[in-house]
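As C-alpha cells, the structure follows; a few thoughts come after it.
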Number of protein chains: 2
Amino acid sequence: MADIHTVAKEAGVSVATVSRVLNNHPSVSLKTRRKVEEVIEKLKYEPNMLGKSLRSSQSRLLLALIPNISNPFYAKVVSGIESVAKANRYNIMLCTTDSNPERELLYYDMVKKKLAEGLISIDPSSEFYEMLTTTNRYPVVICGEHVGNDHAPCVSIDNAKAAYKAVKHLIALGHRKIALVNSNIYTAGLRQQGYLKALEEHGIEVNPRWIAHADLNFENAQQDVRELLMTEDRPTAVFAVSDTIAISVLKAAKDLDIKVPEELVVSGFDNIDFSSVMNPTLTTISQPMFEMGSHSAAMLFKRIADRSAAIKNVILDHDLIIRESTMNY
Amino acid sequence: MADIHTVAKEAGVSVATVSRVLNNHPSVSLKTRRKVEEVIEKLKYEPNMLGKSLRSSQSRLLLALIPNISNPFYAKVVSGIESVAKANRYNIMLCTTDSNPERELLYYDMVKKKLAEGLISIDPSSEFYEMLTTTNRYPVVICGEHVGNDHAPCVSIDNAKAAYKAVKHLIALGHRKIALVNSNIYTAGLRQQGYLKALEEHGIEVNPRWIAHADLNFENAQQDVRELLMTEDRPTAVFAVSDTIAISVLKAAKDLDIKVPEELVVSGFDNIDFSSVMNPTLTTISQPMFEMGSHSAAMLFKRIADRSAAIKNVILDHDLIIRESTMNY
DNA sequence: CTGAAAGCGCTTACAG
DNA sequence: CTGAAAGCGCTTACAG
C-alpha cells in the first residue's frame, strides 16, 4: 500500500505538500494540487488514520455504549447522538456491553488509549457508573440516569417520578395488588423508589412477594415472570421497569390464560416501537429518546473542548402513554 | 498525560524496557519489571494505542456493519462474531448503516485507513454489495447473502429456498391468494425468487397487486401494508421477507379487524425474539444467527492472516418454524 | 506557494 | 537483561 512518501515522490513534490492537498489547505497552487490528486488517484493512496491521529492527537471518533442491541429504545437514543456527532464531523461507534462492567471498561480503555476522544454510556451497569462518578478523568457522559457529579455529567428523565406516575395510574384504575418487575439496570432502583412512593401514598402495603426480578432477555424474563403470575394470591397489576419485560409479562399471561387487561393490567417503561404493535398494545412511559441522545452528545463535545468545563446535568420530560394493556372495561 | 518517556525517566530505565514490560516480554528482570510497574501505577500511565498500532501496524479491531439496531436478528449474529473475535483477542465495534451506502463506505474507509483490520457486513445495501464484489481490496466478509466471489467471501442460508419453503407451507394450507411483502434489503430479491418459484410450481398466477413493498420501520411498514389489506380482493396469506414487516402485518390486520389466522395467515422471516411473543405467535424462517456470525468472523481472520487465501463461501441450514399465525383451524 | 525537519508515542532488530 | 537508534505515517511551525 502506498504511503505519503510514495505519493510525494511520484508527484515530484514534498510530503508536506501532499499533506496540504489531503487536508484542503488553501495555500496549494491549483496546478500542484491537480498533479498530486492525480497521483493519489493513480496509486489508490489511502491516508493512514493512525499516523494522522497520532500526530494531530484527535481521532474525531466517539463511542456510544449500550447494554444490548435487542432493545429498540437504544436505537433512538443513538440516532440522537449521531445527528449531533455528524454536525461536528465526528463519527460514532456503537459498543454493546451486555451490562458487563468488564466490557464497559474495555471500551473506556479505548478512550484512555486515544482511539476515541470520548464516550457516552447509556444505562451503564452500577459498577461502571460508580467508577465514572468517582475516578473518571476522561470525556464521558452518562445517559439515562441523573445522579452524578463533576466526574461525569448526566442526561435523563426523572425516573422515580415517571415510575410514580405509572403506578398511580394503576392505582387509579382500582388496583391494590400491584407487582413490580425489576431488572439489573441502574435506573431500576429509581423506578422502584417511584413505585414504593405511590403505594405508600395510598396506604397500600408492600408485598415482598410481588417484587420480582427479571432478566432483560425474553426467554429468561418469561420464566421469571411466570412464577409471579402462578402464585395463589397473584397481583392484578404489574409495573415492569422496561417494555421488554412488560412484553414478557403479556406473553406469560397469555400462556397462563390470564386475560389482559380484564384480569391483569400491565405497564411497561420506554415506549419502544414494539410496544405499540403488541396485542394488546402496551401502556408505557415514553422517554424523549432522540433528545436524550442529542443532549448527551452536545455535552460530550463541551467536555472534549474544555476538560474542566462545568457542565450541568440535564433532566428531560417524559410521558405516560396509556394503551390497551391498562384500559378500563 | 504521561507518555512512555516520562515513565522511563521516572523509573530510571529506557523506553525500550518500559515497552517490554507493557508487552509482557519475558526478558525483563523481575526487579526492573516491578519498578516499572510501580511507576506506571503511580503516574497512571496509559499506553497510546495510536502509537502502538501505527508502529506494529495492527489495531486488533474489527468492524461489524448492521443496517440498524432495531432488528434483534442482528444482535444474535453479532454475538457470534464477538465470540470468535474474543477467542482471537480482537475487539469488535458495531456500526449502524441504515442501509445507507454512504455510511457503509464511511466504515469501510476506517478499514482502508487502518483504524480497523477488517469488516463484516451484515445485509449490506445493494450498492455496497456491488462495490465489495467488484473492487474490494481489504479484508471483508459478507454475512446474510451468498452470491459472491474472490473479492468478498459470504456466509448465508439459501434464501431463495427458505422463502420457497415458507410459501409452499402457505399453499399447503389451501391458500392461493398469497401476497409478498418485500423490502430494500439485498436478500429480498432472492426471497422473492423463492416466492415466485413456489407459486409457479403450483400453477398459481402472480398477481402484481399482491406484491407489495414495505419499509423496515414499523410506522411506515404499517401504512404500506394497510394498503395491501384494504383492497377489495385482498390476499388470504402474506409472506413477508422480514419478521418486523410481518409484525406490522399482524398489527395492520388487527386494526382492520381481520382475524389472524382465520381470515389471513402470515409468515415472516428471521425468527427474531419478538416473533414468539406476538399474539398470535409468528410463523417464520429461523436462520442460524450465531453460527452465521461466528463463521463470518472465522473467515475474516483467515483473510487477515493471508490476503490472498482462497476462502469458500458458507451456506448454512435454516428452519421453517410454524406458529399460530399460520395454524389451521 | 513550497520544502526540510522535527516530532506525535510507540516497537524492535541490533549490539553489548 | 538492557539501551541507543531507527522508523511506523502523518502534520505543522519555520524559513524562504
Side-chain angles (χ1 to χ4, degrees), chain A residues 1-40 43-61 89 109-117 138, chain B residues 1-40 43-61 89 109-117 138:
Chain A
M1 252 5 82
D3 68 0
I4 200 170
H5 286 99
T6 328
V7 175
K9 186 177 287 179
E10 181 80 14
V13 298
S14 73
V15 293
T17 299
V18 176
S19 175
R20 291 193 187 98
V21 171
L22 252 21
N23 294 290
N24 290 313
H25 207 283
S27 74
V28 184
S29 79
L30 190 64
K31 196 174 151 220
T32 309
R33 178 179 300 276
R34 287 259 185 282
K35 189 164 51 176
V36 172
E37 280 168 347
E38 212 167 84
V39 174
I40 287 174
L43 263 43
K44 297 199 186 312
Y45 164 67
E46 293 289 342
N48 183 322
M49 204 63 161
L50 297 171
K52 176 173 177 143
S53 295
L54 177 59
R55 175 60 224 236
S56 61
S57 55
Q58 54 169 289
S59 59
R60 303 195 85 79
L61 186 62
R89 295 181 303 114
D109 270 356
M110 302 185 78
V111 176
K112 286 185 177 176
K113 293 174 181 162
K114 308 288 185 243
L115 270 181
E117 293 181 42
Y138 297 88
Chain B
M1 255 357 90
D3 69 0
I4 200 171
H5 286 99
T6 327
V7 175
K9 186 175 290 179
E10 181 81 15
V13 299
S14 72
V15 294
T17 299
V18 177
S19 175
R20 290 194 187 99
V21 171
L22 253 21
N23 294 290
N24 289 314
H25 207 284
S27 74
V28 184
S29 78
L30 191 63
K31 194 175 151 218
T32 309
R33 177 180 301 275
R34 286 261 185 281
K35 188 165 50 173
V36 172
E37 280 168 348
E38 212 167 84
V39 173
I40 287 175
L43 263 42
K44 296 198 187 312
Y45 164 67
E46 293 288 342
N48 183 322
M49 203 63 161
L50 297 171
K52 175 174 178 141
S53 294
L54 177 60
R55 177 57 225 236
S56 61
S57 54
Q58 52 168 291
S59 59
R60 302 194 86 79
L61 186 62
R89 295 182 301 113
D109 270 357
M110 301 185 79
V111 176
K112 285 186 178 176
K113 292 174 182 162
K114 308 288 185 244
L115 270 181
E117 293 182 43
Y138 297 88

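Below, read A as the first sequence line, B as the second, and so on, with proteins coming before strands; counting in each chain starts at 1.
Spacing between atom CG of Asn48(B) and atom P of dT11(C) amounts to 10 Å, rounded to whole angstrom units. The separation between Leu50(A) atom CG and dG9(C) atom C1' is 12 Å, rounded to whole Å. Between the CD1 atom of Ile4(A) and the P atom of dC10(D) there is a distance of 5 Å, given to the nearest Å. At whole-Å resolution of the value, CG in Leu22(B) and P in dC10(C) are 8 Å apart. At whole-Å resolution of the value, CD in Glu46(A) and P in dC10(D) are 10 Å apart. For the pair His5(B) NE2 and dC10(C) C1', the interatomic distance rounds to 9 Å; values are reported in whole Å. Atom NZ of Lys114(A) and atom C1' of dC10(C) are 14 Å apart (whole Å). Between Gln58(A) atom CD and dG9(C) atom C1' there is a gap of 17 Å when expressed in whole angstrom units.
At the heavy-atom level, Ser29(B) lies under 4.0 Å from the strands shown only through sugar-phosphate atoms. Among the atoms of the strands shown, base atoms are found under 4.0 Å from some heavy atom of Leu54(A).
Heavy-atom nearest nucleotides on DNA chain D were determined for Ser27(B) and for Gly51(B), and the one closer to the 5' end corresponds to Ser27(B).
OP1 and OP2 of dG9(D) both lie 4.0 Å or more from every side-chain N or O belonging to Lys52(A). Contact check, Ser56(B) against dC8(D): no side-chain N or O comes under 4.0 Å of OP1 or OP2. When the side-chain nitrogen and oxygen atoms of Asn23(A) are compared with OP1 and OP2 of dT11(D), one or more of them lie within a distance under 4.0 Å.
Remark: side-chain polar atoms of Ser59(A) are not paired, donor with acceptor, to backbone N or O of Ser53(A) under 3.5 angstrom. The closest donor-acceptor contact from the side chain of Glu46(A) to the backbone of Lys113(B) lies at 3.5 Å or more, if one exists at all. The main-chain N or O of Arg89(B) is found under 3.5 Å from a side-chain atom of Arg60(B) such that the two form a donor-acceptor pair.
Under the Watson-Crick or G-U wobble criterion, with both distances below 3.5 Å, dA13(C) has no partner in any strand shown. For dA4(D), there is no paired base (Watson-Crick or G-U wobble, both distances below 3.5 Å).
Across Asn24(A), Thr32(A), Leu30(A), a single residue satisfies side chain to side chain contact (heavy atoms under 4.5 Å, CB included) together with Val28(A), and that is Thr32(A).
With rounding to the nearest 0.5 Å, the separation of CG in Asp3(B) from CG in Asn48(B) is 9.0 Å. In this structure, CZ in Arg33(A) is found 13.5 Å from NZ in Lys35(A), a value given to the nearest 0.5 Å.
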Find every protein N or O atom lying less than 3.5 Å from an N or O atom of nucleotides 3-7 of chain C, and list the pairs.
| unit_1 | atom_1 | unit_2 | atom_2 | d |
| --- | --- | --- | --- | --- |
| dG3(C) | OP2 | Ser14(A) | N | 3.0 |
| dG3(C) | OP2 | Ser14(A) | OG | 3.1 |
| dG3(C) | OP2 | Thr17(A) | OG1 | 2.6 |
| dG3(C) | N7 | Arg20(A) | NH1 | 3.3 |
| dG3(C) | O6 | Arg20(A) | NH2 | 2.5 |
| dG7(C) | N2 | Arg55(A) | NH1 | 3.2 |
| dG7(C) | N3 | Arg55(A) | NH1 | 3.4 |

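The closest side-chain heavy-atom distance from Met110(A) to Leu61(B) is below 4.5 Å.
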